[in-house]
Amino acid sequence: MADQISIIAPDDWHVHLRDGEMLSQVVAHTARRFRRAIVMPNLRPPVTTVASARAYRDRIQAACSADLEFKPLMTAYLTDTIAPAELEKGFREGVFAAAKLYPANATTNSAAGVMDLLQLDPVLETMARIGMPLLIHGEVTDAEIDIFDREAVFIERHLVPLRERHPELKVVFEHITTEQAVQYVSSADRHLAATITPHHLHINRNAMFAGGLRSDFYCLPVAKRECHRKALRRAATSGDRHFFLGTDTAPHERASKESSCGCAGIFNAPFALESYAQVFDEEGALAHLEAFASLNGPAFYNLPANTRRITMQRRDHLVPELVNGLVPFHAGEILSWAVADAPDQVQL
Ligand code: DOR
Ligand code: ZN
């Protein structure tokens, strides 16, 4: 059993870095582990223009120390009225790496999202033509549909028809949570891929109700039954190029989580890589960690893999109850993999 592995430095293909004070609290946790990250645009107001993405990128870079050499990759927030020309301009200027589709009201700060997917066709045609990836929060918002079924129903109702209308469009089905999504993505061509979070690999829906109402385990899409978690673990650890790392780290102030109407989101950035390594180890698949964390994502986005490497070691360490005043994923648990030569907790 290997006690040490060396892999090409990883990237995180789905993060929420927030803005202002929260940005300065969380960005180092991502930047010290991941060379690049796809940054979600669901700020208030959302990032819908090239100018606002450029300004946000500057704020991110200013908030993290230059010696980390972290590269934020920005995304555009799709609305019913966004102009295809704005997306094309941002993509060609190297500001937008991708565009994010939130069905209106599907999740945090998505009220300005897309009401009618069919209306988006001119935007998607442009994106397909220029090779700009579409990142999808894949859940229907129909209140008639049970929350645990919203991802599976989205595939049938929206994703299959969308990909039939735009077969050349590159699509990332973000933070998948079901065996239906695993099945659909793994049998698709190279234009479709999916990210998988550490929390959906570790917890099933029971975690939200273990001994009381556990808001720290509430995120969207919500965790599903155990059979789905197992399917996600098989997919992530398989080495299949359709699947890659995207933490969906989504910090919220404690008061917003610990409320009678708490926010969705799990702050996993401080120990995300360690969390994934543990899953790969448990599945006997450490040999595939590099593909998932460091190779499959860049290949999909047509970017080179990183040149630096990192070493991880089998070493027990306790995850603190709080990190920068926020509850991190795995709080109070012992994780068995650590990054060599790095403190187990970032100093800010
Ligand atoms: O749990 C989530 N939190 N899911 C999302 O889709 C959004 C995110 C957030 O921004 O808090
Ligand atoms: Zn997200």
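Indexing begins at 1, ligand by ligand and atom by atom, following the structure's order. As a basis for the values below, the full set of heavy atoms in this structure was taken, side chains included, without hydrogen atoms, waters or symmetry mates.
- Taking every non-hydrogen atom of His137 and a distance limit under 4.0 Å, the qualifying atoms of ligand 1 come out as 6 (O).
- Atom 3 (N) of ligand 1 has its closest protein heavy atom at Ala264 O, 3.1 Å.
- Using a 4.0 Å cut-off between a side-chain N of Lys or Arg and a carboxylate O of Asp or Glu, Arg233 and Glu282 qualify as a salt bridge.
- Residue Leu220 holds the heavy atom nearest to atom 4 (N) of ligand 1 of all those in Asn109, Leu43, Leu220, Asn42.
- Considering backbone and side-chain atoms together, Tyr102 places no N or O closer than 3.5 Å to any N or O of ligand 1.
- Between Cys219 and ligand 1, not a single N/O pair is under 3.5 Å apart.
- Heavy-atom proximity to atom 11 (O) of ligand 1, evaluated over His14, Arg18, His16, Met40, is greatest for Arg18.
- Heavy-atom proximity to Ala250, at under 4.0 Å, picks out these atoms of ligand 1: 3 (N), 8 (C), 9 (C), 11 (O).
- Of the charged side-chain nitrogens involved, at least one lies within less than 4.0 Å of a carboxylate oxygen, so that Glu226 and Arg229 count as a salt-bridged pair.
- No salt bridge links Arg225 with Glu179; every basic N to acidic carboxylate O contact stays at or beyond 4.0 Å.
- Ion pair Arg129/Glu88 flagged as a salt bridge, since at least one NZ, NE, NH1 or NH2 atom sits closer than 4.0 Å to an Asp/Glu carboxylate oxygen.
- At a 3.5 angstrom cut-off on N or O pairs, Ile266 does not count as close to ligand 1.
- Heavy atoms of His252 come nearer than 4.0 angstrom to ligand 1 in at least one pair.
- The closest approach between Lys100 and ligand 1 stays at or above 4.0 Å for every heavy atom of the residue.
- Nearest protein heavy-atom neighbour of atom 7 (C) of ligand 1: Thr107 OG1, 3.2 Å.
- Listed by chain and number, the protein atoms of type N/O/S under 2.8 Å from the Zn ion (ligand 2) are His14 NE2, His16 NE2, Asp248 OD1; waters are omitted.
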